[in-house]
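Here's the structure, in structure tokens; my notes come after.
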Amino acid sequence: MYEDDTEYISVEELKTKLTDLSPKDIVSYAYKEWIPCQRTGYTIVNLETGNVKGLGIENNQLPFHEITYIELFTIEAQENPIKPEDFFSKEEYEKYLEFKGDDPSEYTPDIVSNFCIKEGINEEDRNITILADRFEEDEYWNYNKWESGVLNEYYNVINNIEEWESDE
């Protein structure tokens, strides 16, 4: 019988980690691992070390089993989380439409990136800010509900590990 003597962070440690994170922190990790149409970005908590970090998983790649973790935030590979009309101010959007023209052959995110370079807009920072604001409005605004969801995931993972160990 295989005995796993791995130590996992406690619920109290997890709660402390969660309270130390801002919505922008939570979103940033996933955003930096996300590649549109190629890789899903996750913000995870490693349950062995307690470290919060980003994790990128390519399309058709299985999640990593070398580490035990729970997800805090996800941006799906196929997701285009921010439309240009939500990304730009009203004035910027009007300029963007002129810049974009009527050529439907170019990939919209590339046009947005090119426009941001031309106008001196920090695209990554703005995307993270918008996603953090949405996360805060949609989930984090009710911190207790969000924290409860994360804790439920923690208990599910820990219980599954215990069940797996007892089956051996």
Side-chain angles (χ1 to χ4, degrees), residues 9 13-47 49-64 67 69-154 157:
I9 64 171
E13 289 173 286
L14 178 58
K15 285 182 177 183
T16 300
K17 290 283 180 189
L18 297 177
T19 57
D20 289 345
L21 295 169
S22 71
K24 195 166 186 172
D25 295 332
I26 294 167
V27 167
S28 293
Y29 289 110
Y31 184 83
K32 290 180 181 179
E33 293 295 329
W34 171 71
I35 299 174
C37 300
Q38 185 178 340
R39 187 167 67 188
T40 297
Y42 299 91
T43 300
I44 65 166
V45 176
N46 181 323
L47 295 182
T49 64
N51 293 336
V52 177
K53 65 181 191 172
L55 175 67
I57 299 180
E58 303 284 331
N59 287 339
N60 301 319
Q61 180 184 10
L62 295 174
F64 296 111
I67 59 173
Y69 63 90
I70 55 175
E71 299 167 17
L72 300 180
F73 183 77
T74 304
I75 305 172
E76 296 292 334
Q78 303 308 325
E79 186 177 0
N80 186 5
I82 303 170
K83 294 179 172 64
E85 54 269 23
D86 297 331
F87 180 84
F88 296 115
S89 69
K90 186 178 178 181
E91 296 79 24
E92 289 171 339
Y93 187 64
E94 289 172 10
K95 283 184 180 179
Y96 165 76
L97 290 176
E98 289 174 24
F99 177 81
K100 177 180 140 187
D102 294 330
D103 184 7
S105 65
E106 229 183 307
Y107 183 54
T108 300
D110 291 342
I111 299 170
V112 169
S113 294
N114 292 338
F115 181 77
C116 287
I117 291 167
K118 177 185 173 281
E119 294 294 317
I121 297 169
N122 185 329
E123 183 179 10
E124 180 177 297
D125 187 55
R126 188 173 293 184
N127 277 326
I128 290 170
T129 299
I130 291 168
L131 290 172
D133 289 347
R134 286 182 186 169
F135 176 71
E136 188 170 22
E137 287 174 20
D138 296 343
E139 297 186 40
Y140 197 83
W141 68 270
N142 187 343
Y143 183 81
N144 291 334
K145 183 177 176 184
W146 177 76
E147 181 188 57
S148 294
V150 172
L151 293 176
N152 284 338
E153 185 65 23
Y154 170 85
V157 169

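Bear in mind that the values here come from a model prediction, so they are computed numbers and not experimental data.
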Once rounded to the nearest 0.5 Å, what's the spacing between atom [atom1] of [X] and atom [atom2] of [Y]?
| X | Y | atom1 | atom2 | result |
| --- | --- | --- | --- | --- |
| Cys116 | Ile111 | SG | CD1 | 12.0 Å |
| Thr74 | Trp34 | OG1 | CH2 | 13.0 Å |
| Glu94 | Ser89 | CD | OG | 8.5 Å |
| Asn127 | Phe87 | CG | CZ | 5.0 Å |
| Ile70 | Tyr42 | CD1 | OH | 14.5 Å |
| Leu131 | Thr129 | CG | OG1 | 9.0 Å |

Counting C-beta onward and ignoring hydrogens, is there a side-chain heavy-atom pair between [X] and [Y] closer than 4.5 Å?
| X | Y | value |
| --- | --- | --- |
| Leu18 | Leu72 | yes |
| Lys95 | Glu119 | yes |
| Tyr143 | Thr19 | yes |
| Lys32 | Ile128 | yes |
| Tyr154 | Val150 | no |
| Asn122 | Glu124 | yes |
| Glu136 | Val27 | no |

(Q) If the condition is salt bridge (charged side-chain N to carboxylate O under 4.0 Å, His left out), which residues does Glu58 pass it with, not counting sequence neighbours? (A) Arg39
(Q) Closer than 4.0 angstrom, basic N to acidic O: yes or no for Glu147 and Lys15? (A)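 No, no charged N to carboxylate O under 4.0 Å.
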Q.
If you take the centroid of each ring, where Trp contributes its six-membered ring, are Tyr29 and Phe73 closer together than 6.0 Å?
A. no
Q: Kindly say whether the aromatic ring centers of Phe115 and Phe88 come within a distance under 6.0 Å.
A: yes
If you compare all heavy atoms of [X] against all heavy atoms of [Y], which two are closest, and at what distance to 0.1 Å?
| X | Y | value |
| --- | --- | --- |
| Pro81 | Ile75 | CG-CG2, 4.2 Å |
| Ile9 | Thr49 | CG2-C, 4.0 Å |
| Leu55 | Glu33 | N-CG, 3.4 Å |
| Ala30 | Thr43 | N-OG1, 3.0 Å |

Q) Step by step, would you call Ile67 with Leu47 a side-chain contact (heavy atoms from CB on, under 4.5 Å)? A) CA-CA 8 Å; Ile67 59 173; Leu47 295 182; over 6 Å; no
Q | Check: Ala77 main-chain N/O paired with Thr40 side-chain donor or acceptor under 3.5 Å | A | yes
Q.
Between Asp25 (side chain only) and Ser22 (backbone N and O only), is there a donor and an acceptor less than 3.5 Å apart?
A. yes
Q: Any chance you could lay out the side-chain contact (heavy atoms from CB on, under 4.5 Å) test for Ile26 and Trp146, step after step, and finish with the verdict?
A: CA-CA 12 Å; Ile26 294 167; Trp146 177 76; 3.7 Å; yes
Q: In sequence, state the C-alpha distance, the side-chain angles, and the governing distance for Leu14 and Val45, and then conclude on side-chain contact (heavy atoms from CB on, under 4.5 Å).
A: CA-CA 8 Å; Leu14 178 58; Val45 176; 4.0 Å; yes
Q.
Show me the pairs that pass salt bridge (charged side-chain N to carboxylate O under 4.0 Å, His left out) and involve residues 74-86, at least two apart or across chains.
A.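 Pairs touching residues 74-86 that pass the test: Asp86-Arg134.
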Q: State whether a side-chain donor-acceptor pair under 3.5 Å links Ser113 with Asp110.
A: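 Judged by distance alone, the side chains do not pair up.
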Q: Could you give me the CA-CA distance, side-chain angles and deciding distance for Ile121 and Glu92, then say whether side-chain contact (heavy atoms from CB on, under 4.5 Å) is met?
A: CA-CA 10 Å; Ile121 297 169; Glu92 289 171 339; 3.6 Å; yes
